Amino acid sequence: MIAQAGSLDVALEVHGLCKSFGRQQALRGVDLLVRDGERLAIFGPNGAGKTTLLRILAGLARPTSGQARLWGVDLRDQEGEGRRRIGLVSHGAFLYQDLTVAENLGYYGQLYATNRAERGRLNQRIAELIEWIEMDYYRDRLVRTLSRGMQQRVSLARAMVHDPALLLLDEPYAGLDPRAAALLDQMLERCSAAGQTMLFTSHDLERGARLAQRIAILHRGRIVHETTAEAWQGALTYERYTGAEPA
């Protein structure tokens, strides 16, 4: 661990997090510490518990036991102000198929805008995001008419429309073509430069290690290894702790 619990610069603390679905244990005592502004990549085989972990951190699921704290506040006590600091990109796009690209971003932006000043900046923010994801031509197209890769771009913009302090990204490169993946790289680099904390899962060991500062391996519901990106040895490290090749 690179920080101590209770430290002022800790964005996320996870202690003994467990999640069961009947007799199946998806998470079995996960411990994590992520500093403010840090980029953490979580690698692990299918079924390791990566999606379950991110859903709990996003407030979409409750743990069976254990604790997660965001900026010192228990996740169970997080209300609107706390949760608006989180942006999630998951397997589901969370987009309204019969709204346009711009309408989707406007809708989510209004949900998070808490005062007149934020609402006044919303149109500018939407225009910036649409430009970032290179979707100007499609801004007035219904989302259901877009390809999977395009919808993933819009989903990323949706997660960022309220400028969250913490980005949770679950396999964000899934379904992206090379150009869209390169755009995502650029956007995440911008987020990092702006000081946003990032926690993301990936099967792409090389790309994940390049984007991350620190790496954790989740296997069978537990964190089995943590290291810095500099010390990471790619597939050799992954196979040592999981006994499996990356997907």
Side-chain angles (χ1 to χ4, degrees), residues 39-46 48 50-61 83-84 86-112 122 125-194 196-212 246-247:
R39 303 184 304 277
L40 173 67
I42 298 181
F43 299 140
N46 291 332
K50 302 186 298 297
T51 295
T52 299
L53 175 60
L54 263 62
R55 284 181 57 83
I56 290 173
L57 298 180
L60 299 179
R83 293 190 178 182
R84 74 184 297 274
I86 301 171
L88 172 68
V89 175
S90 188
H91 298 292
F94 298 113
L95 299 172
Y96 290 92
Q97 297 293 307
D98 289 321
L99 294 181
T100 68
V101 170
E103 286 170 344
N104 265 281
L105 298 183
Y107 172 76
Y108 280 102
Q110 290 287 349
L111 288 180
Y112 289 109
L122 183 56
R125 176 67 173 166
I126 290 171
E128 289 174 352
L129 288 169
I130 288 176
E131 182 180 356
W132 284 5
I133 62 175
E134 296 187 353
M135 295 285 288
D136 303 71
Y137 181 78
Y138 300 96
R139 63 170 291 129
D140 297 319
R141 287 272 297 271
L142 298 179
V143 163
R144 61 180 167 81
T145 68
L146 303 178
S147 69
R148 168 76 175 100
M150 288 181 176
Q151 290 196 31
Q152 187 73 343
R153 293 194 212 180
V154 181
S155 180
L156 180 64
R158 184 263 312 151
M160 295 174 58
V161 71
H162 58 299
D163 197 22
L166 172 64
L167 271 175
L168 302 173
L169 304 112
D170 191 10
E171 295 291 348
Y173 292 92
L176 296 186
D177 58 39
R179 178 55 187 161
L183 283 173
L184 178 54
D185 284 346
Q186 294 172 17
M187 293 184 73
L188 294 183
E189 287 169 3
R190 288 178 181 176
C191 292
S192 177
Q196 286 174 299
T197 306
M198 282 186 273
L199 191 156
F200 60 93
T201 69
S202 179
H203 285 300
D204 190 332
L205 305 185
E206 182 178 351
R207 173 173 263 124
R210 188 171 68 246
L211 291 171

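Every value quoted in this text rests on a predicted model; they were computed, and no experiment measured them.
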At their closest point, which heavy atom of Ala159 faces which heavy atom of Pro164, and how far apart are they? O-CG, 3.4 Å

With the side chain counted from C-beta on, respond yes when Arg141 and Met150 share a heavy-atom pair under 4.5 Å apart, and no when they do not. no

Residues that Asp140 engages under salt bridge (charged side-chain N to carboxylate O under 4.0 Å, His left out), provided they are two or more places apart: none

Got a sec, which residues hit side chain to side chain donor-acceptor pair (under 3.5 Å) with Arg210, two or more places apart in sequence or on another chain? none

Contact list for residues 125-181, test ring pair (Phe, Tyr, Trp, His ring centres under 6.0 Å), sequence neighbours left out: Tyr112-His162

Only counting residues at least two apart or in another chain, list the ones meeting side-chain contact (heavy atoms from CB on, under 4.5 Å) with Arg55. Thr51, Leu60, Ala61

Could you tell me the separation between the CG atom of Asp98 and the CG atom of Asn104, rounded to the nearest 0.5 Å? 10.0 Å

Verify, without hydrogens or angle tests, whether Glu171 (side chain) and His91 (backbone) share a donor-acceptor contact under 3.5 angstrom. no

Are any non-hydrogen side-chain atoms of Phe200 and Leu188 less than 4.5 angstrom apart? no

Looking at residues at least two apart in the chain, or sitting in another chain, which of them share a side-chain contact (heavy atoms from CB on, under 4.5 Å) with Thr52? Lys19, Phe21, Ala26, Leu27, Ile56

Scanning both residues in full, the closest heavy-atom pair of Pro45 with Lys50 reads O-NZ, 3.1 Å

Please enumerate all residues that pass salt bridge (charged side-chain N to carboxylate O under 4.0 Å, His left out) together with Arg190, with sequence neighbours excluded. none

Leu169 CG to Cys191 SG distance, which is reported to the nearest 0.5 Å: 8.0 Å

Contact summary for Gln151 and Leu146, nearest pair of heavy atoms: NE2-O, 3.4 Å

Residues in side-chain contact (heavy atoms from CB on, under 4.5 Å) with Arg39, at least two apart? Ser192, Met198, Gln213

Does Glu206, at its CD atom, have more than 12 non-hydrogen atoms belonging to other residues, nucleotides or ligands within less than 6.0 Å? no

Taking all non-hydrogen atoms of both residues into account, name the closest pair between Leu54 and Leu168 and its distance. O-CD1, 3.9 Å

Sequence neighbours left out, what passes side chain to side chain donor-acceptor pair (under 3.5 Å) with Arg153? Give chain and number order. none

Is there side-chain contact between Ile86 and Leu57, with at least one heavy-atom pair below 4.5 Å? no

Among all residues two or more places apart in sequence or in another chain, which pass the side chain to side chain donor-acceptor pair (under 3.5 Å) test with Ser155? Arg158

For Tyr96, the ring pair (Phe, Tyr, Trp, His ring centres under 6.0 Å) test, sequence neighbours excluded, returns Tyr107

Those residues that, when tested against Gln186, pass side-chain contact (heavy atoms from CB on, under 4.5 Å) (two or more places apart): Arg179, Leu183

Quick one: side chain to side chain donor-acceptor pair (under 3.5 Å) partners of Ser147, sequence neighbours excluded? none

Dump the intermediate steps for side chain to side chain contact (heavy atoms under 4.5 Å, CB included) on Arg139 and Thr100, then the final yes or no. CA-CA 7 Å; Arg139 63 170 291 129; Thr100 68; over 6 Å; no

Between Val89 and Gln152, is any pair of side-chain heavy atoms under 4.5 Å apart? yes

Got Gln97 and Leu142 here, is their nearest side-chain heavy-atom distance under 4.5 Å? no

Test Leu95 against Val101 for side chain to side chain contact (heavy atoms under 4.5 Å, CB included), laying out the working first. CA-CA 9 Å; Leu95 299 172; Val101 170; over 6 Å; no

Rounded at 0.5 Å granularity, tell me how far CZ in Arg144 sits from CG in Leu99. 10.5 Å

Evaluate the side-chain proximity of Arg207 to Asp185: yes if any heavy-atom separation is below 4.5 Å, no if none is. yes

Taking all non-hydrogen atoms of both residues, which atom of Pro172 and which atom of Thr201 are closest, and how far apart? CD-O, 3.4 Å

Hey, are the side chains of Asp163 and Gln196 touching, using non-hydrogen atoms and a 4.5 Å cut-off? yes

Looking at Ile42 and Leu53, what are the two nearest heavy atoms and their distance? CD1-CD2, 3.8 Å

